[in-house]
Each structure stands twice: as structure tokens, then as C-alpha cells.
Amino acid sequence: MTSPIVIVAAHHLRRLVRRPALVLFLTAVPLTLAFVESAAFGPAATPSSAPAPVPVLFVDEDQSGASRALEACVTDGIGKDPLAVTGMESRAAAEPVFRHGDNAALIVAPVGFERAFGDGTGVAVQFFPRSVDDGGANVASEVLETCVALANGTVATAPTRAEGIQKLAGIGGATTKVAVDRPPMTSRDSNAADAFVASIFPGLALFGILFISQAMAALLLRDRSRAIHARIFTLPVRPWEVFAGSLLYLASGLTVLLIAILLLGGALLHLQLRSIPALLLLGVGFSICAAALQLAIGASATSDRGAQSVGAIVVMLLSLVGGAFIPVDGYPPMWRGLASLLPNGAAQAGMARVLAVNPTAVGVGVEVATVWIWAAALSAAAFVMRRRGATR
Amino acid sequence: MIAVAERRRTRDAVPGEPPVVPLALHVQSLRKRFGEIEAVRNVSFCVRRTEIYGLLGPNGAGKSTTINILSGLMEPDEGAAQIAGHPLGSIEARRVMGVVPQELALYPELNARENLSFFGQLYGLSGGGLRTRIDRTLELVNLESRARDAVATYSGGMQRRLNIAAGILHEPRLLLMDEPTVGLDPQSRRSILDLVQNLALTGTAIVYSTHYMDEVEQICDRVGIIDRGALLVEGTVDELRQSLGGRELVTLRGMFQPAMVQLAFDRMHDVALVRATDDEVLLNVAGAASRLQALLGTASRLGEIREVLVSRPTLEMLFLKLTGRELRE
């Protein structure tokens, strides 16, 4: 004989499936938000295969063959694609431009540059980055270091230093690939955009689940006002079985919808669904949280309208504090701490890490534990409240 | 309590003597309070198999609270009940009991068959057995031709019949019905009353709560009159009528002085003044036909008579006699 829990859950799910338009509408909400947010705030995807060149200033104070060779290497040689080099007449002319412009770095070949080569004391090129953390400055630094290495190598392998310096002109046409230490660039320059989607999508998906849970719970609330709830409690079914059936209906429905939203996110927004067990643990746990929350609200409210109003307030508060439209990582540290204690904050942070970094379920163990502790606590609270409401 | 009813009740309870008809419901001293209000006060009664027991009383008398306690929706503050031998609220009791609530407890977006299928499964029915029961029940409530239509498209009477069907699908030994005909047209009411009588013939004991006196008189084997939470009297309809001592209700309409009416009729033997207002006097009279002339003579001295009505003894009269109020008040 089928368990009453399964009978109740299957019955409500069947009623829900009878309203496909509602389900589609609710599922579309988080996806639409993700599209809008991605388009409005995400990094624009560039159709070109190459990233934009990094603007750099170059001052040749030495005006020697060696310094001109270095400038040629940085400008037309190795630095041809990654850098956009502007030659400046003097350090004095370059400094105000560098201070107020968008250039990532200032390179100066000082007076005595060629002589230093001749003396064998090495090349003392001056490099001024705009910021040590700036990706563009890193690119310029990499290019310069490669050119300098080429220069050193050319002089070192020549029979005499004088011959080596003469050969330096050759490095201006060198095309050695430069290793660039900045975020990897794919053929569509889409990784940054994908990372952005991975960071915002979980919050929106979980907000959608909270939103959908309210609509699904409304079905049960209407049953109460129609006296169906009362009739069910006259049947040979235990209260906890009815509760568990309702919880199973909400949690399984929400889990399926969350999976659908994630799959659609993968298909439409290039979201990479990694570490499926971790995603499932977080998703199922959060679905139980949302389901139990709605059952608790329904049990505590005296009217359907009251339950809907309280539900809307709770969903908005949770979304605001726990993060929905903004990733938890973007919050101030104190607020981030509070958000990570909430079920949606923890689930969002965990899912964002899974989607962006691909840790195992153990890697997001804290988030998984937080979500499941909430799931258990909310379920217990909802059951107690429903039991009190059922028989007075 | 009147003597006949007491005798019937004690007959089931005589030690060592098997009951003539087994009890489907045995209610003992139920009490339920809501704050200061005592909604059910020491209510006790029994219902035998195949019996239709009417719980008659005005709105707010405590009928629905009693039904809610018996159906397990409320816990009594005191007292107990046994349903076919099972303690109140137990799963076993619920299994042998059906409930027809006053409100429609149906899923309007589902059809009749789907509604019955869900409730039937929760009663433990499944497969072919469930399908057979659904077919039989739909036939009984005359809804087989609309079985696949959404309940939302049904008329009020059809929805009421399906509401009953959901309570009888599992063929209960006791059926609790809380005002199942409220708001229905006479034709739909008649159809439901026929259905209730047919159910009793199949062996189901029924507790039928209503404030419609005519329904009780038509279908109930025994009646308990309830008011302000207390069961005032119980017995068969005939027994209750006889308890009025062959009295009739005389209604005088016109213009009167209530204080004078009280004085005048207090002196008359076998005439009980039920109520006197400026425009109506209600008298409970033994042998009204032979005493009508004397009554009218007295009344005409107290005011102006425009209309005289003599009614046979009814449960309404009994209720009036017991409470001084009409059932519909």
C-alpha cells in the first residue's frame, strides 16, 4: 500500500502540473533577472579574439642604438599586440600624461643605458606601474622583462660586447610569445562574463525558489480555507504524515524547478554546472528550507491573506540580508558574516563557489552544513506549529 | 430527559444483556470551552447501527462543535466517545467513520473521480477496489454522468452530493453530517435527504446535524435537541411530540398589551403562555380545538385579534417550550 506521505505529495504535485503556465512563469523569473543583470552589470563580451592592447608610455632618454632597439622591441616586436606604446620626448613631458591618463605603465630607458651594456653592468630600465595589482601593468612588465632578457641574451652570446650591442637592433623584430599574468582570455573573451554570471546566478535562482515556494504553498493555504485541510484531518492519516506529504510536495517540486533553472542557466547563460553532488546537496537542502519556511508561515498565520503577506515580507527580508541580487561576496564583511548564517546566504555562497571554482561537496562543507541545519530546524518548527493549529 | 429515551438508552447498557443493536457511537459527558463560553456542556448520547440521529438546534447551539469533536478536529476538555468501539481520535475510529463537513471540502480544479480517488487512497483503498467504490458511490449520489467534469463547473446541489460522496466512499459504519443541506434549493435538499435515508438502509449510522426541523421530522429515527451547548432532550420524533402532552400551539396575531396577556392567561388551566409581544401571542394549549372559543374570548378583551393559527405539536413547539425561543432565532 502506498504511504500516505507519497499520496499527499503526489496529489499536490499533480495539481501543480495542471498549471504549467504558472510553473513556466515562475521559472522564468530568475532567468530573466539573470539576463537583465548580466546585460546591465556584467563585463561586455568582445567579439574580437584579442584583448584590447594595454596603453604604455615610453621615454628614451639615452637616444642610443640600444635604447632604440629596446623601444622597438616593446613597440613593434614582442609588445606589438599586447601593448599600445606611446613614445614621449622626455620624462618631464611623460609624467603629467602618465599621472592623469589611462596608461598602465611608464617605461624609461635612462641616460647611460647603452654604456651600461658596454660596461657589462647590466641594463637599468625604469618601470613605473600605475598599480601593482593592475593587470595591464603586469602585461607591460612581462613584455619589458622579455625584451630585456632578449637584449641580455643577445649581448651575452656575441663574441664581444660591442658586437652584441650592434646586434641589439635585431630584438626589435622579435616575436617571442609573452606569458601574460592576468585573467585567462578565451577565444570569446567570455570567461569574465561567465564568472560574473556564476557569481550572481545562484542568488537569483534561490530568490526564484523562495518566490516559487510561496506560490506553491498558496495551493495548500487555499485548501485550508476550503475546509479540505479539515477533512484530511478526519481521515485515518496521522498529522505528521500529512505534514511530511506537504513538505515532500514542496521540497521535491522546488528541487525539480531549481534543477530546471540551473540547466536553463547553463544552456542560456553559459553557466558551467560543476561538482553536481555539491550543487545537489545545497539545492535540496535549500528547497527543504524554503518548503518548511512556507509551511511554518502558513501554520502560524490566521488567514490566507496574512500568510501571503508575511511570506512576502520574509522572502524579501531573506533576499535582502542573505543576498539575491548582489552576491554575498560583494557585501561589507560584517553583513557578509550575517548573510552566511542564513540559509539562502550560505546556499548562495556555496553555489557560487561551486560554479566558479569547482570545489567538492567537502569543500563547501560549511555552507552545506548551514543549509541542512536550517532545513532540519525549520522543518521541526513548521511541524510543531502545524500540529498546534490542527487540533485546538 | 424524557422517560422513553432514557429507557432506550439504558436497554443497551444493561449488564449481562447483549445490546439489541450494536452502538455505532457512544458519547459520554463531552465538554468544550472557548474562553468564557461553554460551547458543549456535558453532552451524552448514543447512536445505533442503521439509525439516523438528528442533532437539532439553532445556529450557535453547539452542534458543529460537537461534530468537530467527534470527527477528531477538536479535542474535548472533558468527556469521551467511542466510535464502533474505538476511542475518539484514534486511527481505527477514523477508519470506520465518515465526515461530511458543512463547508464544501473538495478540490474545485479536479473532477469528481480525482477528488474521490485522493480521499479513497487516504482511506487505504487502491487499485480495482478503489475504482469500483468510486463508480458505486458516484452512482449513489447520481453524479456518474459528470464524473470527468471539474467540480468547479457543478451546481451547488451537485457539489453537496459530491461532498457527501467523499465521506461515504469507504462505506463507514458511522457518518457525521454537519448541516449538509445549508443553502440548497428544495429539490436538491430532497435529493440529499433521500440519499441519507438510503445510506441508513445500507447499515450506516448517521449523526445528522441541522437547524431545519422539517428535515429531522422527515428522516431521523431519533432526535437530540441541543441549545447553548446542552442536550435538552432526546427521543424519537413521536416521543418528543407526545412529550408535549397532546398540546398544540395557538398563535394570535393583532394588537395586544403583553403585561395584561400574561395576567389573563396565567389564570387559565392547561394554557401556557410561551411568548407575548405587542403584535403576537403564542400559547401552548392542551386540546386547543375545544377551547378555542374561550381563548378567543379572553384574548379579545386584551386587544384586537386579526389572525388565529392553530398548529399541531411540532419539534418547534417543543423547542419553544424548552427554551422560550424559536429554532430559527
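By convention in this document, chain letters (A, B, ...) are assigned in the order of the sequence lines, proteins followed by strands, and residues within each chain are numbered from 1.
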request  = Count the heavy atoms of every other residue, nucleotide or ligand shown that sit under 6.0 Å from CZ of Phe211(A), and state whether that count exceeds 12.
outcome  = no
task = Hey, could you give me the CZ/CZ distance between Phe233(A) and Arg94(B), rounded to the nearest 0.5 Å?
result = 8.5 Å
inquiry  = Would you say that more than 12 heavy atoms from the other residues, nucleotides or ligands in this model lie under 6.0 Å from the CZ of Arg41(B), or not?
reply    = yes
inquiry  = At a heavy-atom distance under 4.5 Å, which candidate from Arg14(A), Arg15(A), Arg19(A) has the highest pair count against chain B?
reply    = Arg15(A)
query = Is the closest side-chain heavy-atom distance between Ile232(A) and Phe118(B) below 4.5 Å?
reply = yes
request  = Return the option, out of Ser117(B), Gly89(B), Gly127(B), Pro108(B), with the maximum number of heavy-atom pairs under 4.5 Å with chain A.
outcome  = Pro108(B)
message = Is Ile91(B) close to chain A through its backbone or its side chain, or both, or neither, when contacts mean heavy atoms under 4.5 Å?
response = both
query = Is the CD atom of Gln197(B) crowded by more than 12 outside heavy atoms at less than 6.0 Å?
reply = yes
query = Under the ring pair (Phe, Tyr, Trp, His ring centres under 6.0 Å) rule, what pairs show up with a residue in residues 62-93 of chain B, not counting sequence neighbours?
reply = none
inquiry  = With a 4.5 angstrom heavy-atom cut-off, is it the side chain or the backbone of Glu92(B) that approaches chain A, or both, or neither?
reply    = neither
message = How long is the straight-line distance from CD1 of Ile67(B) back to OG1 of Thr234(A), given to the nearest 0.5 Å?
response = 11.5 Å
note = Ordered numerically, the heavy-atom neighbours of chain A under 4.5 Å found in residues 165-181 of chain B are Ala166(B), Gly167(B)
ask   = Using 4.0 Å as the upper bound for N to carboxylate O, is an ion pair formed by Arg222(A) and Glu109(B)?
value = no
task = Heavy atoms only: give me the nearest Ala227(A)-Ala105(B) pair and the separation to one decimal.
result = O-CB, 3.5 Å
query = Between Arg231(A) and Leu106(B), what is the shortest heavy-atom contact and its length?
reply = NH1-CD2, 4.1 Å
task = Identify which part of Asn163(B) has an atom lying under 4.5 Å from any heavy atom of chain A, answering side chain, backbone, both or neither.
result = both
Please tabulate, for the side chains in residues 251-269 of chain A, all donor-acceptor contacts under 3.5 angstrom to protein atoms that are two or more places apart in sequence or on a different chain.
residue, atom, partner, partner atom, Å
Ser252(A), OG, Leu248(A), O, 2.5
Ser252(A), OG, Tyr249(A), O, 3.3
Thr255(A), OG1, Ala251(A), O, 2.7
Thr255(A), OG1, Ser287(A), OG, 3.3

ask   = Heavy-atom distance under 4.5 Å between the side chains of Tyr107(B) and His12(A), does that happen here?
value = yes
query = Taking everything shown except Arg31(B) itself, do over 12 heavy atoms lie less than 6.0 Å from its CZ?
reply = yes
Sequence neighbours left out, cut at 3.5 Å: what donor-acceptor pairs do the side chains of residues 235-244 of chain A make with other protein atoms?
residue, atom, partner, partner atom, Å
Glu241(A), OE1, Arg238(A), N, 2.9

message = Quick check: closest heavy atoms across Arg18(A) and Leu110(B), and the distance to 0.1 Å?
response = NH1-CD2, 3.5 Å
